[in-house]
Amino acid sequence: MKNKIGLMLSTMTVITLVACGNSESKEAQVDEIMGVDPGAGVMMNTEKAIEEYGLTIPLQPSSDPAMTAALGDAYDKEESIAVTASYPHWIFIAYDLKYLEDPKGVYGETENIHTFTRDGLQEDAPEAFAVLDQFYWEPDDIGAVMLDVYEGKEPTEAASDWIESHQDKVSEWTDGVDPVSEGNITLSYVAWDSETASTHVVGKVLEDLGYTVNLTQLEPAFMWASVDSGDADAMVGAWLPQTHQAYYEDYKDNIVDLGANLEGARIGLAVPEYVDIDSIEDLK
């Protein structure tokens, strides 16, 4: 009888230890923050967050594709991961994620995405200027294009399909605008999934009006500089007031702000829902 009781106690001890081990493995243990391009505003804010919150985990610069690949790999394995995240983005459609609370307000409130043009575009290409000025859509709109690209469509194909299915919205952007017989328009953009989507959609609308459209992919600083110098005619991916604040201060006096083309954007640190933390402070 004693042997049986001893065996039962030993078995219970093993089960308890295994259970504790599994419980601990599910607790948040984030070893690094997976970031995007070094020049992105969310990266600058994250560097500040690491300092403000006294975090000891490193920030790993990469790119939007590299960040999303790392997130997808970790998510499939249910591993802990924190990423620099911008909304709207297809990752919030594909994965069950949550933003970490930011009690110190390092990342600010929600943002708007603005359209900027070079000085003189209104006189040189009034039809294109009018479309850019009237361009406005919702997070669900851009999210649909991003998801199509994520699922395998080329950005040009995803843009064309969205335009074909949303002629009512496109007609608002082209209201009062006549087709043109010639003209070149260059749009610069950052290789974020959101800006790839918006720039290809606007580019396709302008192309359908008769323009020859060139899309130029640049780092954030060069995107702003290209509009300032006139090498690009416009950009539709300026995140304000936080993400691109430094660039805005440098160039605001020489370029034309057409206002927000999307409201309710956001930046911050995000983790999968299964990661058992809720605040940036929990990353310590």
Side-chain angles (χ1 to χ4, degrees), residues 34-47 59-69 84-90 111-121 124-125 128-129 131-133 135 142 145-146 149-150 154-156 158-159 183-207 211-262 265 267:
M34 191 65 180
V36 290
D37 310 89
V42 68
M43 293 291 283
M44 299 177 190
N45 284 83
T46 301
E47 290 170 357
L59 170 62
Q60 179 61 51
S62 62
S63 65
D64 196 72
M67 179 276 288
T68 57
T84 58
S86 302
Y87 172 83
H89 197 292
W90 64 261
E111 296 196 278
N112 297 328
I113 305 177
H114 286 232
T115 300
F116 281 85
T117 73
R118 65 171 174 82
D119 189 29
L121 181 65
D124 298 339
F129 184 90
V131 171
L132 290 163
D133 192 26
F135 168 56
I142 192 172
V145 181
M146 285 191 287
V149 174
Y150 164 67
E154 290 296 321
T156 51
N184 295 300
I185 295 294
T186 297
L187 303 176
S188 59
Y189 70 103
V190 178
W192 300 343
D193 289 354
S194 56
E195 308 327 315
T196 297
S198 60
T199 305
H200 277 78
V201 166
V202 172
K204 178 59 177 170
V205 171
L206 293 173
E207 187 178 273
Y211 286 101
T212 298
V213 179
N214 303 299
L215 306 183
T216 304
Q217 181 180 304
L218 300 169
E219 295 296 324
F222 295 112
M223 176 184 72
W224 282 81
S226 69
V227 178
D228 176 67
S229 66
D231 290 334
D233 294 295
M235 58 181 175
V236 296
W239 287 58
L240 295 172
Q242 288 286 330
T243 305
H244 288 156
Q245 179 63 30
Y247 306 127
Y248 174 74
E249 293 298 331
D250 287 341
Y251 298 111
K252 64 181 180 180
D253 294 332
N254 301 319
I255 57 180
V256 180
D257 184 1
L258 299 184
N261 60 60
L262 184 143
I267 61 171

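- No option in Ile185, Leu258, Ile255 other than Ile185 meets the side chain to side chain contact (heavy atoms under 4.5 Å, CB included) test with Leu121.
- Contact detail for Ala40 and Val36: the closest heavy-atom pair is CB-CG2, 4.0 Å.
- Residues Met223 and His244 are in side-chain contact: their nearest non-hydrogen atoms beyond the backbone lie under 4.5 Å apart.
- Across His89 and Ser86, no two heavy atoms sit closer than the pair CB-O, 3.0 Å.
- The closest side-chain heavy-atom distance from Pro88 to Leu262 is below 4.5 Å.
- In this structure, Met146 and Ala197 approach most closely via the heavy-atom pair CG-CB, 3.8 Å.
- A side-chain donor-acceptor contact under 3.5 Å links Tyr211 to the backbone of Ala128.
- Considering Leu132, Val256, Leu240 in turn, Leu240 is the only one that fulfils the side chain to side chain contact (heavy atoms under 4.5 Å, CB included) rule with Phe116.
- Taking the six-membered ring for Trp and thresholds of 30 and 60 degrees, Trp90 and Tyr150 have nearly parallel ring planes, at less than 30 degrees apart.
- How far CD of Glu47 is from CG of Leu59: 6.0 Å, rounded to the nearest 0.5 Å.
- Panel note: side chain Asn261, backbone Val236; a donor-acceptor pair is recorded below 3.5 Å.
- The OG atom of Ser198 sits 10.0 Å away from the OH atom of Tyr189 when rounded to the nearest 0.5 Å.
- The CG atom of Asn214 sits 12.0 Å away from atom CG of Asp231, with the distance rounded to the nearest 0.5 Å.
- Remark: the backbone N or O of Thr196 is not paired with any side-chain donor or acceptor of Thr199 at under 3.5 angstrom.
- Of all the heavy atoms in Ala260 and Asn112, the pair that sits closest is CB-CB, 3.8 Å.
- A donor and an acceptor atom, one from each side chain of Thr84 and Thr46, are nowhere located under 3.5 Å apart.
- For Asp233 (side chain) and Thr186 (main-chain N/O), a donor-acceptor pair under 3.5 Å exists by modelled atom type.
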Checking side chain to side chain contact (heavy atoms under 4.5 Å, CB included) for the pair Thr117/Phe129: CA distance, chi angles, key distance, verdict?
CA-CA 8 Å; Thr117 73; Phe129 184 90; 3.7 Å; yes

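- Among all heavy-atom pairs drawn from Trp192 and Thr243, the shortest one is CH2-CG2, 3.9 Å.
- Here the side chain of Ser63 pairs no donor or acceptor atom with the backbone of Asp37 at under 3.5 angstrom.
- In this structure, OG in Ser226 is found 11.5 Å from CZ in Arg118, a value given to the nearest 0.5 Å.
- Atom CG of Asp119 sits in a sparse spot, with 12 or fewer heavy atoms from other residues, nucleotides or ligands closer than 6.0 Å.
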Before giving the answer on side chain to side chain contact (heavy atoms under 4.5 Å, CB included), spell out for Met67 and Asp64 the whole-Å C-alpha distance, their side-chain angles and the decisive distance to 0.1 Å.
CA-CA 5 Å; Met67 179 276 288; Asp64 196 72; 3.9 Å; yes

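- Residues Ala158 and Val149 come closest through the heavy atom pair CB-CG2, 3.7 Å.
- Below 30°, between 30° and 60°, or above 60°: for Tyr248 and Trp224 the angle between ring planes is above 60°, a perpendicular geometry.
- Of the candidates Glu195, His114, Glu111, Trp239 forms a side-chain hydrogen bond (donor to acceptor under 3.5 Å, both in side chains) with just one, namely Glu195.
- The environment of Phe222 atom CZ is sparse: at most 12 non-hydrogen atoms of other residues, nucleotides or ligands sit within 6.0 angstrom.
- His200 is not listed as a side-chain neighbour of Val145, based on a closest heavy-atom distance of 4.5 Å or more.
- For the atom pair CE of Met235 and CG of Asp228, the computed distance is 9.5 Å after rounding to the nearest 0.5 Å.
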